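Bear in mind the structure is a predicted one, so any value in this text is a computation, not a measurement. Residue numbers begin at 1 in each chain, while the letters A, B, ... track the order of the sequences.
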Number of protein chains: 2
Amino acid sequence: MRITRPRRVLLDALLDTATPRSAEELREGIGEGEDLVTVYRNLDAFERAGLVLRAHAENGKALFHLSPHHRHYHLVICRVCHEAKVIEDCDGDRFERLAREQGYSDVTHTLELHGVCARCGQTDA
Amino acid sequence: MRITRPRRVLLDALLDTATPRSAEELREGIGEGEDLVTVYRNLDAFERAGLVLRAHAENGKALFHLSPHHRHYHLVICRVCHEAKVIEDCDGDRFERLAREQGYSDVTHTLELHGVCARCGQTDA
DNA sequence: ATTATTGCAAACCCTTTGCAACTTA
DNA sequence: TAAGTTGCAAAGGGTTTGCAATAAT
């Protein structure tokens, strides 16, 4: 995988934010000059390389963030603004075991918590 | 909420399948004559009424299924065919509590397990 | 009769693809 | 120089919206 400027700045954007971001948000973080298509393609490449994980907000948009050490992660996603935060602390692979017992292979899990974040709770609810 | 034929057959389709389905799949289960737009609108209506829950496959498509008694549920979604199954058995609301501690309100959780189902594992991997 | 709901067409948005120009190694 | 990458334009696929016709209350 070649190291190019678009990839460097995308990686910077991913490192800059602690929370999962949409492709659009990442491009904005980079500077408006960047091509969204390239962002998508490089996010794909990063995902294939195991560098980046992808999740989905309730509105269907994809959210990207750097892969943690493990293969699973947990998100809290706000119903209103669709901002996502990573939650640490997982009780293990009980569910993955369950899925394997049902015949699934190569199992990972994503726990997504949905709620209204503090900021949106004030203005909206 | 009025009881109409499109709603009755949609509800039948939802009752017919134990596993979450896309809008398209639900329409197929109903019979080709049905309008996909109406299916979407009624799934929205059902969701607002608390009758239906929506999840997302890794490909971004929305999956719909009748709401279980509780407000949370767990899915195993196949990476290859994107079929989803509901997994019973939840260890409680530990994560929801965590999210609340971080300032989120109205919190629910969705645990999505991703893997390759038995059927796809044979042909694909 | 009134109001929600339908169905069709067209718009929308996010994401992907094609291809020639361009960099990186 | 050869291969991967970019950027633009355009297509794609799922979902939503507008509006007149229709069916439920």
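- In this structure, B:Leu15 places its CG atom where more than 12 heavy-atom neighbours from other residues, nucleotides or ligands lie under 6.0 Å away.
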Q. How would nucleotides 16-25 of chain D be written as a contact map, 5' to 3', with B for base contact, S for sugar-phosphate-only contact and - for no contact, using protein heavy atoms under 4.0 Å?
A. BBB-----BS
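- Here B:Asn42 reaches the OP1 or OP2 of C:dT6: one of its side-chain N or O atoms lies under 4.0 Å away.
- Distance A:Glu25 CD to C:dC13 C1': 15 Å, rounded to the nearest Å.
- In this structure, the CG atom of A:Leu11 is 16 Å from the C1' atom of D:dT5, given to the nearest Å.
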Q: Apply side chain to side chain contact (heavy atoms under 4.5 Å, CB included) to the pair A:Leu43 and A:Leu14, showing each step before the final yes or no.
A: CA-CA 10 Å; A:Leu43 286 170; A:Leu14 285 163; 4.3 Å; yes
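- Note that CG of A:Leu36 is 9.5 Å distant from CG of A:Leu26, once rounded to the nearest 0.5 Å.
- Closest approach to the B:Glu34 side chain among D:dT6, C:dG7, D:dG14 is made by C:dG7 (side chain taken as heavy atoms from C-beta onward).
- Atom P of nucleotide C:dC13 and atom CD of A:Glu24 are separated by 11 Å, given to the nearest angstrom.
- Annotation: salt bridge (charged side-chain N to carboxylate O under 4.0 Å, His left out) contacts involving residues 3-16 of chain A, sequence neighbours excluded, comprise A:Arg5-A:Glu34.
- A:Phe46 places its CZ atom 17 Å from the P atom of D:dG4, with the value rounded to the nearest Å.
- The CG atom of A:Asp35 sits 14 Å away from the C1' atom of C:dC22 (whole-angstrom rounding).
- For B:Glu24, the salt bridge (charged side-chain N to carboxylate O under 4.0 Å, His left out) partners are B:Arg27, not counting sequence neighbours.
- Counting non-hydrogen atoms under 4.0 angstrom, B:Ala45 reaches nothing in the nucleic acid.
- Atoms CZ (B:Arg27) and P (C:dC8) sit 11 Å apart, rounded to a whole Å.
- Each of B:Ala62 and A:Gly33 has a nearest nucleotide on DNA chain D; the 5'-most of these lies closest to A:Gly33.
- B:Leu63 places its CG atom 12 Å from the C1' atom of D:dG14, with the value rounded to the nearest Å.
- Rounded to an integer number of Å, the gap from A:Arg7 CZ to C:dT23 C1' is 12 Å.
- Under the side chain to side chain donor-acceptor pair (under 3.5 Å) criterion, B:Thr4 pairs with no residue, sequence neighbours left out.
- Taking A:Asp44 as the reference, A:Arg54 meet the salt bridge (charged side-chain N to carboxylate O under 4.0 Å, His left out) condition, with sequence neighbours excluded.
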